[in-house]
Amino acid sequence: MTPKVAVVYHSRRGTMRALAEAAAEGARAYGAQVRLLGVADDKAISEWPEPEAAPEDMLWADGLVLAAPTYFGNPSSPFKRFLESTSPLWAQGLLADRIVTGLTASTCLHGGREGTLLALYQSVYHWGAWALGPEPSSAEAMAMGGNPYGLAVTSARDGAVGEAELAAAWSAGHRLAATTAQVQRAARADDAGGRARVTVVHCAEDETVRMLAQECAAGARELGAEVRLRRLAGPAAPRAAGLPGPMSGAPAAAVVTADDVAWADSLLFGARVRSGALAASLLGFLQSLEPETGPGPLAGKPASGFACTPRPHAGSESALLALNNVLHHGGAVVVPPGYTDPAVFAAGGNPYGTSHPRSAGALPTAQALAAARHQGRRIALAGGRLRREPALAAVTSDTPLEKEVI
Ligand SMILES: Cc1cc2nc3c(=O)[nH]c(=O)nc-3n(C[C@H](O)[C@H](O)[C@H](O)COP(=O)(O)O)c2cc1C
């Protein structure tokens with residue numbers, strides 16, 4: 001089946017259009033059906049011949065290249081307005097599981113381009129989209145400064161774009177199409193997404209996080225995944241007596257190693273939030289995975305996080321978004337919960353990862369546990385989809401591919 005890729009850009013001087021065109025070429029070269037589309041701009045007359053992007057194009061596409069210029073360290077407002085116009089489709093859960101990669105340009109080398117790419121992803125995490133950066137340590141990514149979030153280039157006054165930048169954009173489009181096709185093939189061959197290997201890692205010192213981890217693991221097992229539940233090194237939380245559910249009397253998990261990451265098809269990481277950041281033990285472990293050269297054990301694997309905070313607004317969102325940055329550096333494909341299940345709304349509506357504020361109780365609420373279980377199911381499904389190429393014999397051209405909300 002041919003993957004459908006929409007390349008959506010906003011451009012006034014031509015930089016973003018040139019990058020978008022190159023990305024579209026890369027996707028076509030893979031064999032994707034491509035729509036190259038501009039967004040409406042009420043402050044400038046468009047010189048470009050491409051049709052205007054509509055929310056329905058997001059529905060049509062399985063993979064998306066979002067090409068927004070950096071304006072004040074963010075995607076430009078016309079681009080943002082376009083993303084916001086998808087809200088009726090988002091509300092019906094119709095945009096989940098699009099695979100998205102971001103492109104941007106800015107005048108200054110450090111003029112806010114990383115923020116733009118991350119902001120693009122932050123918006124589409126609400127859909128439940130998967131964020132795909134460049135191939136880790138690929139020649140194109142390194143030539144562009146080694147940005148792990150997406151492609152960012154320096155724009156010239158006349159909108160001219162260099163060969164290396166165009167090659168990197170081509171490569172981004174090609175990779176997006178290839179990844180989208182892989183997910184489609186796996187979805188058609190193995191609808192349940194089962195038999196994925198999932199590693200769930202949690203910090204040792206927090207009982208609440210441990211319970212969320214246990215629930216994530218249970219969710220993954222519901223889909224037939226093989227699960228390794230692991231804790232980070234450090235003093236383990238004392239066992240609270242009379243804990244409800246499966247935690248009571250459960251043996252302490254083994255300490256996580258790099259092998260547990262290499263073994264997994266997809267991963268979840270949970271920790272307590274301190275001073276607005278996830279526990280140092282988790283960040284230290286993730287940083288220890290970074291190889292001297294070449295891709296590390298997280299490369300190409302779906303991953304996201306969950307957290308426990310002292311109070312509802314003590315970093316539940318920002319710490320999880322910051323975790324995603326670290327995951328991108330490892331080459332992971334960020335697969336957040338998004339608003340893909342009523343359980344997410346019921347637990348406070350955090351689309352970036354399950355979170356529980358300790359002020360609501362020392363132990364996670366039933367709603368938080370249900371959201372963690374959903375996140376576990378979702379990461380297992382994503383791991384199964386990105387893990388392997390299924391036997392092509394199992395795929396026939398008339399097998400319908402359902403766009404599901406997981
Ligand atoms: C309103 C506005 C805000 C901008 N803000 C930034 C910025 O924060 N950092 C930066 O380096 N460049 C900034 N720029 C420059 C744009 O990033 C640059 O012109 C754009 O990437 C060119 O894309 P285009 O050729 O596709 O129009 C800004 C430009 C405009 C018009």
Side-chain angles (χ1 to χ4, degrees), residues 5-28 34-54 57-58 61 64-86 100-124 131 133-134 140-174 176 318 321-322 325 328:
V5 171
V7 182
V8 184
Y9 72 88
H10 172 229
S11 189
R12 287 183 183 162
R13 291 183 180 161
T15 318
M16 294 316 303
R17 178 171 182 265
L19 294 174
E21 266 192 313
E25 270 314 305
R28 275 191 206 104
V34 177
R35 288 186 186 174
L36 178 61
L37 307 156
V39 305
D41 184 345
D42 59 354
K43 294 279 187 295
I45 298 160
S46 174
E47 297 170 27
W48 321 120
E50 282 80 27
E52 202 174 286
D57 294 308
M58 305 299 93
L64 296 166
V65 178
L66 300 182
T70 293
Y71 283 9
F72 290 162
N74 268 285
S76 64
S77 57
F79 202 92
K80 191 74 187 357
R81 209 171 308 122
F82 170 69
L83 286 179
E84 289 164 14
S85 75
T86 65
V100 174
T101 199
L103 313 183
T104 192
S106 61
T107 308
C108 302
L109 178 62
H110 296 298
R113 53 180 68 174
E114 294 180 11
T116 299
L117 293 169
L118 294 171
L120 284 172
Y121 296 149
Q122 185 171 341
S123 293
V124 298
E140 288 90 356
M142 289 304 147
M144 292 296 106
N147 189 328
Y149 311 124
L151 175 63
V153 312
T154 302
S155 53
R157 281 202 171 278
D158 62 358
V161 181
E163 287 304 315
E165 285 77 4
L166 293 175
W170 187 96
S171 181
H174 193 271
L176 192 271
S318 58
L321 286 167
N325 300 353
H328 274 298

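Counting starts at 1 for both ligands and their atoms, in listed order.
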S.K.: For atom 18 (C) of ligand 1, what is the closest protein heavy atom, and at what distance to 0.1 Å?
M.R.: S155 OG, 3.5 Å

S.K.: Is a side-chain N or O of T15 found less than 3.5 angstrom from the main chain of S11, in a donor-acceptor match?
M.R.: no

S.K.: Got the closest protein heavy atom to atom 19 (O) of ligand 1, with its distance?
M.R.: R13 NH1, 3.9 Å

S.K.: Heavy-atom contacts with P69 under 4.0 Å: which atoms of ligand 1 show up? List them by number with element.
M.R.: 20 (C), 21 (O), 23 (O)

S.K.: For ligand 1, which atoms have a heavy atom of R12 less than 4.0 angstrom away?
M.R.: 24 (P), 26 (O), 27 (O)

S.K.: Out of T70, V161, N74, T154, who is nearest to atom 28 (C) of ligand 1 when you count heavy atoms only?
M.R.: T70

S.K.: Assess whether side chain to side chain contact (heavy atoms under 4.5 Å, CB included) is satisfied between L66 and L83, documenting all intermediate values.
M.R.: CA-CA 10 Å; L66 300 182; L83 286 179; 4.3 Å; yes

S.K.: List every atom of ligand 1 that sits less than 4.0 Å from any heavy atom of S11, numbering the atoms from 1 in the order shown and giving each element.
M.R.: 24 (P), 26 (O), 27 (O)

S.K.: Considering only heavy atoms, does C108 approach ligand 1 within less than 4.0 Å through its side chain, its backbone, both, or neither?
M.R.: both

S.K.: Can any side-chain N or O of R113 pair as donor or acceptor with the backbone N or O of C108 at less than 3.5 Å?
M.R.: yes

S.K.: Taking only heavy atoms of G111 into account, list the atoms of ligand 1 that are under 4.0 Å away from them.
M.R.: 7 (C), 8 (O), 9 (N), 10 (C), 11 (O)

S.K.: Tell me the protein heavy atom at minimum distance from atom 25 (O) of ligand 1, and give that distance in Å.
M.R.: T15 OG1, 2.6 Å

S.K.: Which residue and non-hydrogen atom of the protein lie closest to atom 21 (O) of ligand 1, and at what distance in Å?
M.R.: A105 O, 2.9 Å

S.K.: Y9 versus V65: any side-chain heavy-atom pair under 4.5 Å?
M.R.: no

S.K.: Between R81 and E84, is the closest basic N to carboxylate O distance under 4.0 Å?
M.R.: no

S.K.: Taking the side chain as everything from C-beta on, heavy atoms only, tell me whether L321 gets closer than 4.5 Å to L118.
M.R.: no

S.K.: Does G14 have a heavy atom less than 4.0 Å from any atom of ligand 1?
M.R.: yes

S.K.: What protein heavy atom is closest to atom 12 (N) of ligand 1, reported as residue, atom name and distance in Å?
M.R.: T107 N, 3.3 Å

S.K.: Where is the tightest heavy-atom contact between P75 and A68, given as atom of each residue plus distance?
M.R.: CB-CB, 4.0 Å

S.K.: In terms of residue, atom name and distance, what is the protein heavy atom nearest to atom 3 (C) of ligand 1?
M.R.: Y71 CA, 3.5 Å

S.K.: State yes or no: are the ring centers of H10 and F82 separated by less than 6.0 Å?
M.R.: no

S.K.: Please indicate whether any nitrogen or oxygen in G112 is less than 3.5 Å from any nitrogen or oxygen in ligand 1.
M.R.: no

S.K.: In the protein, which heavy atom is nearest to atom 5 (N) of ligand 1, and how far is it?
M.R.: F72 N, 2.8 Å

S.K.: Between Y121 (side chain) and G102 (backbone), is there a donor-acceptor pair under 3.5 Å?
M.R.: yes

S.K.: Closer than 4.0 Å to some heavy atom of G73 - which atoms of ligand 1 meet that?
M.R.: 8 (O)

S.K.: A18 and L166: which non-hydrogen atoms are nearest, and at how many Å?
M.R.: O-CD2, 3.7 Å

